[in-house]
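Below, read A as the first sequence line, B as the second, and so on, with proteins coming before strands; counting in each chain starts at 1. All of these numbers come straight from a predicted model, not from anything done at the bench.
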Amino acid sequence: MQPLLIQNTLTGEKEAFKPLHAPHVGMYVCGPTVYSNVHLGNVRTFLTFDIVFRYLTFIGYQVRYVRNITDVGHLTDDGDQGEDKVAKKARLENLEPMEVVQRYTNDFHDVMRVFNILPPSIEPSATGHIVEQIEMIKAILDRGYAYESQGSVYFDVRKFAADYPYGELSGRKIDELISATRALDGQDEKRDGLDFALWKKADETHLMHWPSPWSEGFPGWHLECSVMSTKYLGERFDIHGGGMDLKFPHHECEIAQNVGANGEARPVNYWMHGNMLTVNGRKMAKSEGNGFTPEELITGNHQLLERGYSPMVVRFFMLGGHYGSTLDFSNEALQAAEKGYDRMMQAVAGLAGLTPSDAPGEVDIDAWRRRCFDAMNDDFNTPKLIATLFEGVKWANSAKAGQLALDAAQCALMQRTFSEFAFHVMGLDGEGMPDTAAAGGDNALTPQLLDLLVQLRSDAKTSKDWGTADAIRNALSELGITIQDSKDGSTWNIE
RNA sequence: GGUCCGAUGGCCGAGUGGCUAGGCUCAGCUCUGCAAAAGCUGCUACAGCGGUUCGAAUCCGCUUCGGACCUCCA
């Protein structure tokens, strides 16, 4: 097994990854709240953990990857006046709440598919686990870390903090939090401003509600993740992921709930947080109005976008930065990524048709391959991996130009390495490659027709009929097909 | 206000004490019927000021600027 290091946000250290029950790994990632379309920032987080999932699987772990769908329970405001986001949307759009949920769940799945983000092993929904959530509230009540108040149940943070560490993950201190919550009034149900809801009593206008021992109501904001991670991964599991902005209060509350319910002191061994996608240095968020949807990105139909970009280019762009750093979006950066991506795909395609040298190879492909592993083993460092792969791109191109010797074994190992790291681990789908581009076209005859045209042009070149040769090249160019000449003949490429 | 993080060449973006990624852009060259592609070469940076060290982008301190979280947020 590869010696993998993971930046653990719980400890702040980069630690050697040791699963509780190797080769099995349990991973939980906070999924989307399905009350609106996902934007590109959301996509980045799910991409981050897609890479984690893919790489762990690639190096031989059997991963149970749980990613939830939040379809109830997030309040729009703090305090008692809060309204469920799903219910609010339903009211605004005049829909059944579950209709809203279904619509945006479908949208989410579509987006994930477009970006080649793999589905998780289990995708549980909050509304499907109301019974379990009620059970966990009972357990927390039984252990004395929650109290009922007018039909609602709140987590007693101070009581909990007296027995267990609270704020460990986010580096918060209880006393500092107190002063920060001074502005929140009108919360007379709570004993303390720090307390958070486990169960909320629903008023008459609330659309989504369930019976419980305390009231007809709905579960609190953070409870579902505690419940579903425990149910499918156990009271203690390996990796919990999510966006940086969920660290506090969401993940802190999750830990408190888990510990409060069963006393297991360390429910999660490795906490991982993906950083934000920014636009002009600011976090992309719905409330900022600077977010765009994947569809807008692809079509280019948004004021921030000069034109559209393909999903794989966007994927490649995002992997060009480390998940733990903020990544700034710009048209310039996207266009640079697009060129780099195309160049890599071309080189990989060229590798397949390369004639190996009889002479022994001149570069150390084994060492290069090892450095690919090293990059990923260093906390999933995809930018480093990409840089390493580009060294291979250069060699492949040099070999094709007859300037570098690569023997048969080396060619094979390079192809295998690109296949594994570029396509398998990074999940690029090779859409820019001639074969697949043509296969994805409308007509299976396309490659043959193009081969024919290229052959005609080559014949014209041989007879020095430059007019015909250039006419064919120009005509194809207008159709978005480029012709590349080399010593071994000409090749075509769509787009 | 509190907590935390960041500041790298024209742009993006890795890199935690000496070996000084990578992509894009730009200039020159090679190849080419021309072009494109590709290859080669060049442009060699670490916000500022101090300090530690034989040696710092990398460690420490201060300053300036930016960001995230503290309220739903990937």
**Candidates G33(B), G39(B), C70(B) - which lies nearest the side chain of Pro249(A)** = C70(B)
**Message:** Looking at Thr33(A), I'd like to know whether one of its side-chain N or O atoms comes within less than 4.0 Å of OP1 or OP2 on C72(B).
**Reply:** no
**Item:** Ring-base stacking, Trp466(A) with G33(B) (5.5 Å, 30° cut-offs)
**Value:** yes
**Side-chain donor-acceptor pair present, Tyr309(A), Glu338(A), cut-off under 3.5 Å** = no
**Fill in**
Walking RNA chain B from its 5' end, the first of Gly320(A) and Gln484(A) to be reached, judged by nearest nucleotide, is Gly320(A)
**Prompt:** Can a side chain N or O of Asn381(A) be found less than 4.0 Å away from OP1 or OP2 on A14(B)?
**Reply:** no
**Asked** For Met244(A), which contact category applies under a 4.0 Å heavy-atom criterion: base, sugar-phosphate, or nothing?
**Response** nothing
**Asked** Would you call Asp50(A) and Arg54(A) a salt bridge, using N to O less than 4.0 angstrom?
**Response** yes
**Asked** Just how far is it from atom CG of Asp485(A) to atom NZ of Lys461(A), taken to the nearest 0.5 Å?
**Response** 3.5 Å
**Asked** So, is the end of the Arg67(A) side chain (NZ or CZ) under 6.0 Å from the ring centre of Phe49(A) and within 45° of the ring's axis?
**Response** no
Tabulated below should be each protein N or O lying under 3.5 Å from an N or O of nucleotides 65-67 of chain B; please produce it.
unit_1 : atom_1 : unit_2    : atom_2 : d
G67(B) : OP1    : Arg282(A) : NE     : 3.4
G67(B) : OP1    : Arg282(A) : NH1    : 3.4
G67(B) : OP1    : Arg282(A) : NH2    : 2.3

**Asked** Roughly how far apart, to the nearest Å, are U41(B) and A14(B) at atom P?
**Response** 26 Å
**Identified ring pair (Phe, Tyr, Trp, His ring centres under 6.0 Å) counterpart of Phe155(A) within the set Trp199(A), Phe196(A), Tyr166(A)** = Phe196(A)
**Item:** Whole-Å P distance, G66(B) and C24(B)
**Value:** 33 Å
**Message:** Does Met344(A) reach a base, just sugar-phosphate, or nothing at all? Heavy atoms under 4.0 Å.
**Reply:** nothing
**Item:** Residue matched to G6(B) through Watson-Crick or wobble contacts both under 3.5 angstrom
**Value:** C65(B)
**Message:** Heavy atoms from C-beta onward define the side chain here; which of A74(B), C69(B), A21(B) lies closest to that of Phe248(A)?
**Reply:** C69(B)
**Message:** Whole angstroms only, please: what is the CG-C1' distance between Asp342(A) and G22(B)?
**Reply:** 17 Å
**Item:** C1' spacing across the pair U52(B) / G17(B), given as an integer number of angstrom
**Value:** 11 Å
**Under 3.5 Å donor-acceptor pair, Arg473(A) side-chain atoms to C34(B) base atoms** = yes
**Message:** Just to be sure I understand the rule, does Asp485(A) reach a base, reach only the sugar-phosphate, or reach nothing, if contact means heavy atoms closer than 4.0 Å?
**Reply:** base
**Message:** Between Glu252(A) (side chain only) and Gly167(A) (backbone N and O only), is there a donor and an acceptor less than 3.5 Å apart?
**Reply:** yes
**Message:** Between C19(B) and G55(B), how many Å separate the two C1' atoms, rounded to a whole number?
**Reply:** 13 Å
N/O to N/O distances under 3.5 Å, protein versus nucleotides 25-29 of chain B:
unit_1 : atom_1 : unit_2    : atom_2 : d
U25(B) : OP1    : Lys339(A) : NZ     : 2.7

**Asked** Say you pick atom C1' in U25(B) and the same atom in C62(B); how far apart are they, in whole Å?
**Response** 37 Å
**Prompt:** If the P atom of A47(B) is compared with that of A57(B), how far apart are they to the nearest Å?
**Reply:** 10 Å
Produce the list of close N/O pairs, under 3.5 Å, pairing protein atoms with atoms of nucleotides 2-11 of chain B; give distances to one decimal.
unit_1 : atom_1 : unit_2    : atom_2 : d
C11(B) : O2'    : Glu332(A) : OE1    : 3.4

**Request:** Could you work out the separation of G6(B) and U58(B) based on their C1' atoms and round it to a whole Å?
**Result:** 15 Å
**Whole angstrom value for the distance that separates P of U41(B) from CD of Gln403(A)** = 11 Å
**Message:** Let me confirm one number: the CG-SG distance from Leu406(A) to Cys411(A), rounded to the nearest 0.5 Å.
**Reply:** 5.0 Å
**Complete:** Of Asp378(A) and Gln335(A), the one whose closest nucleotide on RNA chain B sits nearer the 5' end is Asp378(A)
**Asked** Do Tyr28(A) and His240(A) make the cut of ring centroids closer than 6.0 angstrom?
**Response** yes
**Message:** Can you list, in residue-number order, the parts of residues 40-48 of chain A that come under 4.0 Å of RNA chain B, counting heavy atoms only?
**Reply:** Gly41(A), Asn42(A), Thr45(A)
**Item:** Cationic N near anionic O, under 4.0 Å, Arg473(A) to Asp470(A)
**Value:** yes
**Prompt:** Going by the angle between their ring planes, with limits at 30° and 60°, are Trp271(A) and His251(A) parallel, tilted or perpendicular?
**Reply:** tilted
**Request:** May I ask you to decide whether Lys384(A) forms a salt bridge with Asp378(A), counting only side-chain N to carboxylate O separations under 4.0 Å?
**Result:** yes
**Message:** Please list, in numerical order, the residues of residues 104-119 of chain A that have a heavy atom closer than 4.0 Å to any atom of RNA chain B.
**Reply:** none
**Request:** Counting heavy atoms from C-beta on, name the nucleotide in A14(B), A74(B), G33(B) closest to the side chain of Leu277(A).
**Result:** A74(B)
**Message:** Filter on salt bridge (Lys or Arg N to Asp or Glu O under 4.0 Å), then keep only pairs touching residues 103-121 of chain A, sequence neighbours left out; what's left?
**Reply:** Glu93(A)-Arg103(A), Asp110(A)-Arg113(A)
**Prompt:** When the distance from CZ of Phe196(A) to P of C72(B) is rounded to whole Å, what number comes out?
**Reply:** 12 Å
**Item:** Watson-Crick or G-U counterpart of G22(B), or none if no pair lies under 3.5 Å
**Value:** C12(B)
**Asked** Would a line drawn from the ring center of Phe329(A) to the ring center of Phe292(A) be shorter than 6.0 Å?
**Response** yes
